[in-house]
Amino acid sequence: MVDAISFIVAFASFYGIFVILAVSLNLEYGYAGQPNFGQVLFYGLGAFVGAIVAANLLPYFDHLPIGNICNAGAYTVRTSIGSSDAGISLGVWAIALIFAMIAGGIIGLVVSYPAIRVKEEWYLSMILLVAGEAFVIVVENTPQIGCGFEGVDGILNPFYWVSNLYASSPFAGTNLGIDLPGAIYAVVIMACAGICYFVAQKLANSPYGRLLKSIRDDKVAAESLGKDVAAVRRRIMVIGSIMAGLAGGLYVYYLGTATTDDFVPAVTFTIWVMMILGGYANNKGILAGAFVLTLLERGSVLLSVIIQPYFPTFNAAVIIYLEYSVEAVILLLLLLFRPKGLIPERRIQTKAYELFDFSKAAGQKADASNATIPDTTVAKEQGSAS
Amino acid sequence: MPLDQNDITLRLENVSKSFGGIKAVNGVSLTVRRGSITGLIGPNGSGKSTLFNIISGVERKFSGNVVFDGKRLNGLAPHKIFDLGLGRTFQTPRLFTGMTVLENAMVGAKNQRGESPLRAPFPKDWEPQEMEVAKKTQDQLKVLEIAQLYDKPPSEISGGQMKLLQLANVLAGDPKMLLLDEPTAGVAPRLAQDIFLSIEKQCKEKGTTFFIIEHRLQVLFKHVQKVYVMHEGRIISEGAPSEIVKHREVIDAYLGA
Ligand SMILES: Nc1ncnc2c1ncn2[C@@H]1O[C@H](COP(=O)(O)OP(=O)(O)OP(=O)(O)O)[C@@H](O)[C@H]1O
Ligand SMILES: [Mg+2]
């Protein structure tokens, strides 16, 4: 049976990862107007790079031969290191995440470079969409990279050793009823998501946020105001891809395996729905959108497990696929009733407004005693002038 | 002739541009004096906006030469040209629709530290400059009488105010020279007069050079020292407004004789 605590732990882990992905997409599309239909590429890349780095470094730091990381022997070696050696586990995990981010950033730059000079952002979107699919095909058919269809297995939670530590401690008798490493890691994932959210908020509420929105709203106007649009687009793709790579690295350590099954285009679609639901160019909206979609996705998994015993002849797992139908309905309802998302875009909050908000407040005070006639001439004559 | 004769800020040499079979601009040569207000008039479709697109780098495929302050602009991207001090507005205002009036007007400020993604997360680094830019923007918006709209998106302001905002956007970069494409089209007559008065003020106080496309000849002629007349891609006449109005070809071009 599924208990509440493990549901919460899984929910928190997925929520954190989805928040990072959605924050990243929102920077690229919501703020900078670059539709990335290949988000899954950077996510998957982060996962595979993280897994491959971990699979090589774990034995290396333990002075063991690395050999073929796809072998059963190598699997045993890394799981045994992961369940016993705290230092190596955490160190390798940190390095793997860094490599996942670097890989995301570099590939983000390389993939977007040729298309970014083209004014129409849709060229790049198509390239990214195709690159995402190509990545899966290449990995599946090149066993030398990521062990082919099998994927890279045995990437233990970086806190796995905690459970062994606990088992050999004086408290070992008490059953905690909780997957301790999983719970710790969920907190770590949430912390990483918090950092990404915080960074995104800082970037958005600054002159940089204005710069991004200006190229989103009108590239020609932004260029004519001195903005190097191609460079700005390139950099935001790198920033977004670094975040997506981080999400991939965190995810592979959550799941224990990097397989191509997890990086299908539907993932990109789900992230898009999170952003559209929550609200473009609003990071708070992203938190809300990711929450609803994570609930939907985890909820459908939970539901399938719960109802299975009551319908022995029915494969309840198919319920999971209902998620996509519900997403489609959400999209339709949004377009009809809340096209700007749950929390619409707001003004860019920098100190500049203080100057104006203050004058306005002062002006209103003065107006109270001395009512002014609003200047409507401009608006009225506007219609008749040609 | 040497490239930078001191009092000439913009020089066009035999500039041509075709769209398919149409010669939108056909062998245009002209000069704009530093610190002057110069007009560019001509009937619809005569190539005026295309000429501005060429000068500002929006249109980069053309023949001939564009020289600004002694520097050849051919092939330079619009942002480089803006950095050199040559700004422009568009016939149909191009504003940032998802941003407020204030944000629009602040984008154009040059060398903003906080525009770097590495600095942006550290407000202490850029806030002093941000406040300077905000103050300057406030002053500019007040001069243009749109400061009270600072919090509004462009969709909620009038067409005339959009024209003014576009002017504020480009003035934020302290351009040495401005190309204005029909700054008063669709604007109330009183406001049209005001726009030209603030252009004149900007020209006198800061020495900004203006090159202005305008269909409202009466207002334009009151404020310019020199006018170029375009017709079917060519400059057909040039001179002081008082001379231009007497010109047979100009009258023909306008009245379609
Ligand atoms: N991007 C383009 N593609 C094809 N033809 C164009 C393009 N831009 C302008 N033209 C054509 O070039 C000619 C000159 O147009 P332009 O906009 O420069 O005229 P204009 O003098 O600014 O006219 P108006 O007073 O109506 O603004 C017109 O025949 C126009 O149809
Ligand atoms: Mg025009």
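Note that the structure is a prediction, hence the values are computed from the model and not measured. Every chain is numbered from 1 and lettered A, B, ... according to where its sequence line falls, protein lines coming before strand lines.
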Around atom CZ of A:F99, are there more than 12 heavy atoms from other residues, nucleotides or ligands closer than 6.0 Å?
no
With the side chain counted from C-beta on, respond yes when B:M99 and A:R347 share a heavy-atom pair under 4.5 Å apart, and no when they do not.
no
State, yes or no, whether a side-chain contact exists between A:L211 and B:V107 at a heavy-atom distance under 4.5 Å.
no
Filter on salt bridge (charged side-chain N to carboxylate O under 4.0 Å, His left out), then keep only pairs touching residues 81-110 of chain B, sequence neighbours left out; what's left?
A:D218-B:R94
Can you tell me which portion of A:A222 sits under 4.5 Å from chain B's heavy atoms? Options are side chain, backbone, both or neither.
both
Nearest-0.5 Å distance that lies between atom CZ in B:F96 and atom CZ in A:R216:
10.5 Å
Between A:K227 and B:E115 (salt bridge meaning N to carboxylate O under 4.0 Å), is one present in this structure?
yes
Exercise: identify the closest heavy-atom pair between B:G98 and A:E345
O-OE2, 3.3 Å
Using heavy atoms and a sub-4.5 Å threshold, report which of residues 195-203 of chain A line up against chain B, by residue number.
A:K202, A:L203
Do B:P78 and A:V220 touch side chain to side chain, with heavy atoms closer than 4.5 Å?
no
We want to know whether A:Y353 and B:D151 form a side-chain donor-acceptor pair, criterion being a heavy-atom distance below 3.5 angstrom.
no
Please look at B:K135 and chain A and tell me whether the side chain, the backbone, both or neither of the residue comes under 4.5 angstrom of a heavy atom of that chain.
both
Counting heavy-atom pairs under 4.5 Å with chain B, the top scorer among A:L212, A:I239, A:T350 is A:T350
Less than 4.5 Å to any heavy atom of chain A: does that hold for the side chain of B:T97, its backbone, both, or neither?
both
I'd like to check B:W126 versus A:P207 (side-chain heavy atoms, cut-off strictly below 4.5 Å). Are they in contact?
yes
